[in-house]
Participant: 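Just dropping this structure here.
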Number of protein chains: 2
Amino acid sequence: MTANPTTRGRAYRGVSIEQRRAERREKLIQAGITVFGSTGFQGTTVRALCAEAGLTERYFYESFSNSEALLRTIYLRLTDQIRERVSQAISGQQGQPDAMADAALRSYFEFLHEHPAAARVIMTEIMGVSAEVDALYRRVMNEFAGFLLTVFRGLHPERPAHPVQDALIATGMIGALVNMAMRWLLNDFKESVTDMVTASRFILIAVNNQLALPEP
Amino acid sequence: MTANPTTRGRAYRGVSIEQRRAERREKLIQAGITVFGSTGFQGTTVRALCAEAGLTERYFYESFSNSEALLRTIYLRLTDQIRERVSQAISGQQGQPDAMADAALRSYFEFLHEHPAAARVIMTEIMGVSAEVDALYRRVMNEFAGFLLTVFRGLHPERPAHPVQDALIATGMIGALVNMAMRWLLNDFKESVTDMVTASRFILIAVNNQLALPEP
DNA sequence: GTAAAGTGACATCATCTGTTGTCAGAATAA
DNA sequence: TTATTCTGACAACAGATGATGTCACTTTAC
């Protein structure tokens, strides 16, 4: 009855148990992006996720307690990727505000264009799943808004901070970018990336200019 | 076997069949707002809707083919109400652009504040339900963006129209308003209506001012 | 008064799906 | 070689729920 501790968790096909688990988990994450992004979260069953991943249910529950947990993992993964790409794009244009905005927006819209399934997951499938997922969404959006707020403050160091107003305005800006992206996605990326960048930059510049005006 | 055509669809408790059906349908709509707005669309069963409405399942299927059909009806009802309230608010400030924006934004945020369950339905529960509901959402959002576009064009009649850019910017503005409202809702309406109006008006004015500038 | 229509409570059916369990065969350790 | 572990295919179980049906009772039409 008692298992031999020396042989538990051993290698298989020359691969350690940790790596096998990590590879299965990764397969499930990629499958989740594909399936959630096509069938939608609601229409997705654990069986379908496993079929896409080429694994069986047992391995699903090895890595995730349920499909909502997988969705949360995917959402964090994708938003981290966006954060990283945008950060890299910005750092490449160090010190030039206009070029920074352009690079950041372009990297954002290009990411969505290159990964439409991922775009669908983070734009629409994430919403209305549960209170917990809603809270996660809200938290991530707030982080993006906070990032934008930091940038704006850096551009207007002399302007007195209005915590409530500034946070709301940053939230509005993030909402503008998200809604433009959502419309773009649902319209099958009809417009060019350049059009998306131009329009979104217009809005950011407009707010930036308004922030530069003396207050009434 | 053959029913008597003269007695089918007769009055009951002094109420015609049309009116009885309409009353039951209305009860279901109100129950849907309450239940979808608290439990969420996903967590809602037909049984729960009927219990809240004080009706039985038979009468649910008398008016709606399924709960998604009820959601669509509710969404159209609520967005119509917002449209009407905003239009009324604007028409009361005929000709004064700043007062118009103020009145429109105030009526919008006040509506959400007064009807939190309705706000949740139109902000989060409507998303990711099905392709059909997504399309409805997109269509309504486009209508609101079109409305905003009309207003902006009226304020800048001399500016040449850029169909793609203008539509994208209007979409962005609507997204800003929706995201601010969503954050407000998920934060239990922590900020005052006046704060919401002030911040959102700031964004609209910023874009309006940018539209007034000569193009590069 | 009586038959037909309307109502409400509830049963029922069928299906779906999350989750766990079984088992035979492949790979490994000793 | 042999016992143990790992894997994959699939069975099985339990619960939920959409949708429809049953039936006793109420109301209406004539």
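Protein chains get the first letters and strands the later ones, always in sequence-line order, with residue 1 at the start of each. This is a predicted model, so every value here is computed, not measured.
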Participant: Would A:V133 and A:Y75 satisfy side-chain contact (heavy atoms from CB on, under 4.5 Å), going step by step from the backbone distance to the final call?
Facilitator: CA-CA 9 Å; A:V133 174; A:Y75 184 68; over 6 Å; no
Participant: Among all residues two or more places apart in sequence or in another chain, which pass the side-chain hydrogen bond (donor to acceptor under 3.5 Å, both in side chains) test with A:N66?
Facilitator: none
Participant: Starting from P on C:dG18, measure out to CG on A:L28 and report it in whole angstrom.
Facilitator: 14 Å
Participant: Inspect the contact between A:E143 and A:R139 and indicate whether a charged nitrogen and a carboxylate oxygen are less than 4.0 angstrom apart.
Facilitator: yes
Participant: Check for me whether A:R83 meets the cation-pi criterion with A:F144, that is, NZ or CZ under 6.0 Å from the six-membered ring centre and within 45 degrees of the ring axis.
Facilitator: yes
Participant: Atom CD of B:Q19 and atom C1' of C:dG6: how far apart are they, to the nearest Å?
Facilitator: 16 Å
Participant: CZ of B:R8 versus P of C:dA4: gap in Å, rounded?
Facilitator: 13 Å
Participant: Check salt bridge (Lys or Arg N to Asp or Glu O under 4.0 Å) between B:R58 and all other residues, then give those that pass, not counting sequence neighbours.
Facilitator: none
Participant: A:S130: which residues meet the side-chain hydrogen bond (donor to acceptor under 3.5 Å, both in side chains) condition with it, sequence neighbours left out?
Facilitator: A:E68
Participant: Across the strands shown, which category fits B:R21 at heavy-atom distances under 4.0 angstrom: base, sugar-phosphate, nothing?
Facilitator: nothing
Participant: For A:R20 and C:dT28, what is the distance between atoms CZ and C1' respectively, to the nearest whole Å?
Facilitator: 10 Å
Participant: State plainly whether the residues B:E132 and B:R72 are in salt-bridge range, i.e. N to O under 4.0 Å.
Facilitator: yes
Participant: Walk along nucleotides 11-22 of chain D from 5' to 3' and tag each nucleotide B, S or - by protein heavy-atom contact under 4.0 Å, base first, then sugar-phosphate.
Facilitator: -B----SBBB--
Participant: Check this for me: does any side-chain nitrogen of one of B:E26 and B:R77 sit under 4.0 Å from a carboxylate oxygen of the other?
Facilitator: yes
Participant: CZ of A:F64 versus P of C:dT19: gap in Å, rounded?
Facilitator: 14 Å
Participant: For nucleotides 25-27 of chain C, give me every protein contact, N/O to N/O, under 3.5 Å, one pair per line with atom names.
Facilitator:
residue	atom	partner	partner atom	Å
C:dA27	O4'	A:Y12	OH	3.0
C:dA27	N3	A:R10	NH2	3.3

Participant: When the axes are fitted on five pairs at both termini, how much does the helix from C:dG1-D:dC30 to C:dA30-D:dT1 curve, in 10° steps?
Facilitator: 0°
Participant: Could you tell me whether A:E191 and A:R183 have a side-chain N and a carboxylate O separated by less than 4.0 Å?
Facilitator: yes
Participant: Whole Å only: how far is the OH atom of B:Y59 from the P atom of C:dA9?
Facilitator: 10 Å
Participant: Rounded to the Å, how far apart are A:I17 CD1 and C:dT28 C1'?
Facilitator: 13 Å
Participant: When the ring planes of B:F41 and B:F36 are compared, do they come out parallel, tilted or perpendicular, using 30° and 60° as the limits?
Facilitator: tilted
Participant: Does either side chain, that of A:E23 or that of A:Q19, offer a donor lying less than 3.5 Å from an acceptor on the other one?
Facilitator: yes
